[in-house]
Amino acid sequence: MNASYNLTLVEQRLILLAIVEARESGKGIDANSPLIVHSDTYINQFGVAKHTAYQALKDACKDLFTRQFSYQEQRGKGTINITSRWVSQIGYVDNKGLVEIIFAPVIIPLITQLEKQFTKYDIEQISELSSAYAVRLYELLICWRSIGKTPIIELTEFRKRIGVLDTEYKLMAQLKERVLNLAIQQINEHTDIIANYEQHKAGRTITGFSFTFTQKKQAKDVTPKAKKSAAKPKTTKQEEQLDWMTADILDRFIGLSSANQKTVLGKVETSLKGAKQARFKAAKGGSMKQLITEFSLDINEAMMTL
């Protein structure tokens, strides 16, 4: 599910802390049980003053309840545009300094996907990011951590994913200066990766961006548990990220018409050469999930050219 939404930095931090709470407590995420985020956790994680944290969390509770996100679903031969709230219930307990959150039912699949690949280690990386766009871009990039690069993300899709409204930064120079370059600068300075981007054009017009990134030699604040079993968790995390990535591309591919699906597969087959093209032809006879898992970047790039 590709959702379009715009959240403040505090609201993003609150949601990510709730996700980590769901993982570490073993509660998981459902539409009935509240997740609890303590103000002390927010203070310690993001290094803010106590009174600042209290007021920020109170305001976030009020605003987050009214926040909406939108996405599209394929229904038969048509497409439905759906709008939903993030939470069905949220409250701040004054005398205990904590927030209780219950996510809306329709958001559970999206949050669950993020919960699979966003760990306490990852939230450490975004702790010093002061730009909401930097947080969103880091979230986007780590979904591709196992391969260190993203496919080309079409400009309209990029704006949605990064949380830029249609009314904001309409000029490319503004988008680069106040969103993209700022986000890259903060990510490179404060997180565990070094990221770069390439712009893609049709003529003189920028139509999209792709990103490459590498892991810094010395990662920040790796927990003892991660060190003790470094090899196995790393493999597991890569598999989870690949599953998230495959599900995202598969979801968009299935949403295409049959004619467009054939066009995409035809473009991929034509672009491949030699043994890889032979593997692609053979994989077409198997499951669609396996095909997209093996050729995700090629299929995604072909969809971007429709």
Side-chain angles (χ1 to χ4, degrees), residues 1-7 9 12 69-72 110 113-114 117-118 122 125-126 129-216 241-242 244-253 255-256 264 267-268 271 292 295-306:
M1 179 172 68
N2 290 317
S4 173
Y5 57 91
N6 181 275
L7 297 175
L9 181 63
Q12 289 187 68
F69 70 98
S70 60
Y71 65 99
Q72 293 182 333
L110 179 64
Q113 286 179 354
L114 186 57
Q117 54 86 32
F118 205 91
D122 293 316
Q125 304 310 309
I126 61 99
L129 301 181
S130 59
S131 165
Y133 302 124
V135 175
R136 289 289 297 277
L137 182 57
Y138 182 82
E139 290 173 6
L140 174 63
L141 293 181
I142 64 169
C143 295
W144 307 82
R145 194 193 289 276
S146 59
I147 55 177
K149 62 180 180 179
T150 73
I152 298 172
I153 305 174
E154 190 265 331
L155 180 58
T156 302
E157 181 69 14
F158 174 75
R159 289 176 62 94
K160 288 181 180 179
R161 291 196 178 196
I162 214 71
V164 178
L165 299 177
D166 293 340
T167 56
E168 297 177 320
Y169 310 128
K170 294 181 179 181
L171 297 179
M172 181 55 66
Q174 292 178 333
L175 181 70
K176 282 185 174 181
E177 179 184 356
R178 301 180 186 180
V179 177
L180 186 52
N181 292 341
L182 175 62
I184 290 290
Q185 178 186 352
Q186 290 196 5
I187 286 171
N188 290 348
E189 183 176 352
H190 297 299
T191 76
D192 59 340
I193 61 175
I194 296 291
N196 295 284
Y197 72 88
E198 180 181 353
Q199 58 191 33
H200 300 269
K201 296 183 177 181
R204 299 179 64 181
T205 303
I206 296 175
T207 58
F209 300 99
S210 60
F211 298 84
T212 57
F213 59 97
T214 56
Q215 194 80 18
K216 290 180 181 176
Q241 290 163 351
L242 186 60
W244 190 93
M245 175 183 69
T246 302
D248 178 64
I249 296 174
L250 179 62
D251 185 50
R252 286 186 285 123
F253 183 82
L256 299 175
V264 168
K267 286 183 177 182
V268 174
S271 68
I292 290 180
F295 298 94
S296 58
L297 287 176
D298 305 286
I299 291 172
N300 192 71
E301 289 182 10
M303 286 194 289
M304 291 297 182
T305 63
L306 286 177

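Note that the numbering runs from 1 along the sequence shown for the chain.
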Taking C-beta and beyond as the side chain, do [X] and [Y] meet within less than 4.5 Å on heavy atoms?
{"X": "Gln12", "Y": "Glu139", "result": "yes"}
{"X": "Val135", "Y": "Leu7", "result": "no"}
{"X": "Ile184", "Y": "Phe213", "result": "no"}
{"X": "Arg145", "Y": "Asp192", "result": "yes"}

Which pair of non-hydrogen atoms, one from [X] and one from [Y], has the smallest distance, and what is that distance?
{"X": "Thr191", "Y": "Lys216", "result": "O-NZ, 2.7 Å"}
{"X": "Thr167", "Y": "Lys170", "result": "CA-CE, 3.9 Å"}
{"X": "Ala302", "Y": "Lys267", "result": "CB-CB, 4.2 Å"}

Backbone N/O of [Y] and side chain of [X]: donor-acceptor pair under 3.5 Å:
{"X": "Gln186", "Y": "Leu129", "result": "no"}
{"X": "Glu157", "Y": "Glu154", "result": "no"}
{"X": "Asn188", "Y": "Ala195", "result": "yes"}
{"X": "Arg136", "Y": "Ala183", "result": "no"}

Roughly how far apart are [X] [atom1] and [Y] [atom2], rounded to 0.5 Å?
{"X": "Arg159", "Y": "Arg161", "atom1": "CZ", "atom2": "CZ", "result": "15.0 Å"}
{"X": "Ile292", "Y": "Met303", "atom1": "CD1", "atom2": "CE", "result": "6.5 Å"}
{"X": "Leu180", "Y": "Phe211", "atom1": "CG", "atom2": "CZ", "result": "5.0 Å"}
{"X": "His190", "Y": "Ser130", "atom1": "NE2", "atom2": "OG", "result": "6.5 Å"}
{"X": "Ile193", "Y": "Ile187", "atom1": "CD1", "atom2": "CD1", "result": "5.5 Å"}
{"X": "Ile206", "Y": "Leu155", "atom1": "CD1", "atom2": "CG", "result": "8.0 Å"}

Next item on the list: Please assess Glu198 against Thr212 for the test side-chain contact (heavy atoms from CB on, under 4.5 Å), listing each intermediate value before the final yes or no.
Entry: CA-CA 8 Å; Glu198 180 181 353; Thr212 57; over 6 Å; no
Checklist line | Plane angle bin for Tyr169 and Tyr133 - parallel if under 30°, tilted between 30 and 60°, otherwise perpendicular | finding: perpendicular
